[in-house]
Amino acid sequence: MSVVIVIPARHASTRYPGKPLVELRGASGQARSLIRRSWDAAMSVPGIDRVIVATDDDRIRDHAEGFGAQVAMTSPDCRNGTERCAEAVAALATPPEIVVNLQGDAPLTPAWFVEDLVAGLRAAPKAQVATPVLRCTGRMRADLIDDRHAGRVGGTTAVFGHGGRALYFSKEVVPFVPDAIADDAPSPVFHHVGVYAYRPEALAEYATWPEGVLERLEGLEQLRFLERGRHMLCVEVEARGRQFWELNNPQDVSRLESMMSEMGME
């Protein structure tokens with residue numbers, strides 16, 4: 001009943017080349033790379049059997065091995081993090097029960113997000129993939145809208161139906177909300193957290209499919225599962241006072257550093 005976390009990381013990002021090696025300063029002023037902080041987040045999750053950094057870049061490999069990470073070298077032909085996870089897991093001698101994809105641009109991911117995600121997938125035998133969603137406050141929703149108006153690719157939003165089955169994911173802010181929402185009030189918009197839990201057979205199958213139309217348009221790898229009619233579960237998680245954001249653009253560095261400072265993260 002093993003669980004493996006894979007952190008896919010590539011240097012040649014279209015929007016932010018070299019992103020995994022970008023340094024972020026915490027509350028104490030200590031600088032650590034994005035990939036190191038993502039690895040730290042993965043290592044803090046209880047009940048995980050192994051954490052693997054999956055990359056196709058020697059610079060990331062050397063840096064990750066320097067701070068003690070296990071690294072799997074993967075093909076530069078991998079089109080996204082899910083394909084990179086699939087290749088890394090295929091090389092393991094024994095497949096795990098669940099594979100967690102903790103994307104390398106989400107270092108603020110709390111351990112309980114991953115714990116709740118794994119528990120959610122275990123409790124839903126029909127689901128092949130699970131991913132966490134976080135209900136936005138009015139302020140979080142406004143930040144997402146501001147990013148879109150400014151032409152920045154900010155967070156992703158999720159829409160799901162009865163039982164948490166995913167209906168759609170978008171870089172637009174969906175669903176449409178006609179009324180104003182107070183900054184600290186809950187909204188019907190859910191921020192998709194960049195983490196996935198897969199059953200190994202679903203992960204292996206994903207890598208055999210061509211890129212989907214919606215996946216290409218939105219730039220969202222998880223849409224390939226939905227386009228193929230696969231059951232994907234959205235697991236609502238609680239922030240518990242923690243702030244969450246992903247590093248998508250260079251402008252997000254100061255935002256993440258400010259959040260780490262406010263939360264006292266070193």
Side-chain angles (χ1 to χ4, degrees), residues 1-8 38 41-42 45 47-52 54 74 78-90 92 95-106 109 111-135 155-171 174 190-237 244 246:
M1 302 294 284
S2 61
V3 179
V4 171
I5 293 180
V6 180
I7 306 174
S38 298
V45 181
I48 299 300
D49 297 274
R50 187 183 298 187
V51 176
I52 303 169
T74 53
C78 292
R79 291 168 290 186
N80 56 46
T82 298
E83 290 192 1
R84 202 169 300 284
C85 286
E87 187 173 322
V89 170
L92 296 177
E97 175 210 3
I98 290 174
V99 180
V100 174
N101 172 352
L102 178 64
Q103 298 194 73
D105 58 6
T109 305
W112 63 85
F113 280 19
V114 180
E115 290 181 277
D116 290 351
L117 181 64
V118 170
L121 186 59
R122 282 177 168 155
K126 292 183 179 180
Q128 295 164 300
V129 187
T131 192
V133 293
L134 182 65
R135 185 183 291 274
T156 298
T157 56
V159 178
F160 50 92
H162 181 73
R165 184 162 185 170
L167 299 176
Y168 197 63
F169 299 88
S170 182
K171 288 179 180 174
V174 292
F190 283 84
H191 186 178
H192 172 238
V193 179
V195 186
Y196 304 94
Y198 318 98
R199 302 194 193 279
E201 57 274 17
L203 183 59
E205 188 178 31
Y206 179 97
T208 69
W209 298 327
E211 182 183 50
V213 174
L214 296 175
E215 174 191 4
R216 182 173 64 255
L217 290 171
E218 290 270 10
L220 296 174
E221 64 203 83
Q222 69 270 33
L223 289 175
R224 196 183 306 182
F225 284 112
L226 296 188
E227 290 186 82
R228 291 280 173 164
R230 297 309 189 264
H231 187 140
M232 191 170 189
L233 178 71
C234 289
V235 177
E236 186 174 354
V237 293
F244 176 82
E246 297 153 350

I need the [X] [atom1] to [Y] [atom2] distance, nearest 0.5 Å.
X: Leu167; Y: Cys234; atom1: CG; atom2: SG; value: 8.0 Å
X: Leu214; Y: Gln222; atom1: CG; atom2: CD; value: 11.0 Å
X: Leu203; Y: Glu87; atom1: CG; atom2: CD; value: 11.0 Å
X: Thr156; Y: Glu246; atom1: OG1; atom2: CD; value: 6.5 Å
X: Arg50; Y: Leu92; atom1: CZ; atom2: CG; value: 5.5 Å
X: Ile48; Y: Leu102; atom1: CD1; atom2: CG; value: 9.5 Å

Side chains of [X] and [Y]: donor-acceptor distance under 3.5 Å anywhere?
X: Ser170; Y: Glu218; result: yes
X: Glu83; Y: Tyr206; result: no
X: Thr157; Y: His192; result: no
X: Asn80; Y: Glu215; result: yes

So [Y] and [X], do their side chains get closer than 4.5 Å, heavy atoms only?
X: Ile98; Y: Leu121; value: yes
X: Tyr196; Y: Leu117; value: no
X: Gln128; Y: Met232; value: no
X: Leu134; Y: Phe244; value: yes
X: Val89; Y: Pro96; value: yes
X: Lys126; Y: Arg165; value: no
X: Val159; Y: Val174; value: yes
X: Ile7; Y: Gln103; value: no

Tell me the closest heavy-atom pair linking [X] and [Y], and the distance in Å.
X: Phe225; Y: Ala202; result: CE2-O, 3.8 Å
X: Leu233; Y: Gly163; result: CD1-O, 3.4 Å
X: Tyr198; Y: Val129; result: CD2-CG1, 3.8 Å
X: Val195; Y: Thr131; result: O-OG1, 2.6 Å
X: Gly47; Y: Val3; result: O-CB, 4.3 Å
X: Phe190; Y: Val133; result: CD2-CG2, 3.9 Å

Practice task
Determine, step by step, whether Thr82 and Glu221 satisfy the side-chain hydrogen bond (donor to acceptor under 3.5 Å, both in side chains) criterion, reporting the C-alpha distance in whole Å, the side-chain angles of both residues, the deciding distance to 0.1 Å, and the verdict.
Solution key: CA-CA 7 Å; Thr82 298; Glu221 64 203 83; 2.5 Å; yes
Problem - Sole residue of Arg228, Arg230, Arg199 in side chain to side chain donor-acceptor pair (under 3.5 Å) with Glu205 - result: Arg230
Problem - Arg224 side chain to Trp209 backbone, donor-acceptor under 3.5 Å - result: yes
Problem - Candidate pair Phe169 and Leu226, rule side chain to side chain contact (heavy atoms under 4.5 Å, CB included), full reasoning - result: CA-CA 9 Å; Phe169 299 88; Leu226 296 188; 3.9 Å; yes
